[in-house]
Amino acid sequence: MTSHSPAILIVCTANICRSPMAEGLLKNLVRQEIEGDHTWRIESAGTWTRKGFPAAPFSIQTMAARGIDISQHLSQSIEEVALDEFDLILTMEAGHKEAILVEFPFVRGRVLMISELVNQKTSIFDPVGLPVEVFQKTADHLDHLIRNGLPMILEKLGLPNSD
């Protein structure tokens, strides 16, 4: 069982579309579903980005329509994050997971593709540069995986399932 506050890192490529939306969705779900949620640390990062980029406008718009504010998000590179501080690292694609395991082998056992939370191995489509409707579909997909994957998140963190 986790003796400290649970810490989850969500990873995509540029940390401006998918991972900020997933971060917002997971924070919102934890706030709704988990007692003591204020102690959870949920962040996102990118495998191929620099520090300080805002979330994509359509990511911000898509989340705002769900009542989730990610307007203050600023990108960070996975190299700038202390991975040893995270209990669980969720990636959008198999390539992200593989790259993390090659570069940071000490996190083995803590890295999953976000789709693996529901026993799938599918990549999350990157909506960058596409119409807002594509961002909305991506957010729907992420929301489904996060909501249905919450029991596995709790299990991986060694926390009791609220069901």
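In what follows, every heavy atom counts, from backbone to side chain, and hydrogens, waters and symmetry copies are set aside.
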Starting at [atom1] of [X], measure out to [atom2] of [Y] and round the result to the nearest 0.5 Å.
X: M21; Y: I60; atom1: CE; atom2: CD1; value: 11.0 Å
X: I70; Y: Q61; atom1: CD1; atom2: CD; value: 11.0 Å
X: R50; Y: E79; atom1: CZ; atom2: CD; value: 13.0 Å
X: D69; Y: N28; atom1: CG; atom2: CG; value: 11.5 Å
X: C12; Y: W48; atom1: SG; atom2: CH2; value: 14.5 Å
X: S59; Y: I68; atom1: OG; atom2: CD1; value: 12.0 Å

Looking at [X] and [Y], what are the two nearest heavy atoms and their distance?
X: A22; Y: I146; answer: O-CD1, 3.6 Å
X: A56; Y: C17; answer: CB-SG, 3.8 Å
X: T39; Y: S5; answer: O-CB, 2.7 Å
X: D84; Y: R110; answer: O-NH1, 3.7 Å
X: R18; Y: T13; answer: NH2-OG1, 3.3 Å
X: R147; Y: P151; answer: O-CD, 4.1 Å

Quick one: does [X]'s side chain get under 4.5 Å of [Y]'s, heavy atoms only?
X: L9; Y: L90; value: no
X: S19; Y: V11; value: no
X: L145; Y: I124; value: yes
X: E43; Y: F86; value: yes

N/O donor-acceptor pairs under 3.5 Å from side chains in residues 127-138, not counting sequence neighbours:
unit_1	atom_1	unit_2	atom_2	d
T138	OG1	V134	O	3.0

Apply the side chain to side chain contact (heavy atoms under 4.5 Å, CB included) test between L112 and each candidate in T91, L117, I89, I153; give the one that qualifies.
->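 Between L112 and the candidates, side chain to side chain contact (heavy atoms under 4.5 Å, CB included) is satisfied uniquely by L117.
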Taking [Y] as the starting point, is it possible to reach [X] by hopping between hydrophobic residues whose side chains are less than 4.5 Å apart?
X: I10; Y: V118; answer: yes
X: F58; Y: L25; answer: yes
X: M92; Y: F53; answer: no
X: L101; Y: L88; answer: no
X: L157; Y: M113; answer: no

Quick check against the 3.5 Å criterion: does [X] have a side-chain atom that pairs as donor or acceptor with the backbone of [Y]?
X: E33; Y: V30; value: no
X: Q32; Y: L29; value: no
X: D87; Y: A7; value: yes

Would you tell me whether [X] and [Y] have side-chain atoms, one donor and one acceptor, within less than 3.5 Å of each other?
X: H144; Y: D140; answer: no
X: S44; Y: E23; answer: yes
X: N15; Y: T49; answer: no

Kindly indicate, with the supporting measurements, whether the criterion side-chain contact (heavy atoms from CB on, under 4.5 Å) is fulfilled by E116 and K97.
-> CA-CA 11 Å; E116 289 180 291; K97 180 180 177 181; 3.0 Å; yes
Evaluate the side-chain contact (heavy atoms from CB on, under 4.5 Å) criterion for residues M152 and N119: first the C-alpha distance (whole Å), next the side-chain angles of each, then the deciding distance (0.1 Å), finally the verdict.
-> CA-CA 10 Å; M152 170 136 349; N119 297 312; 4.1 Å; yes
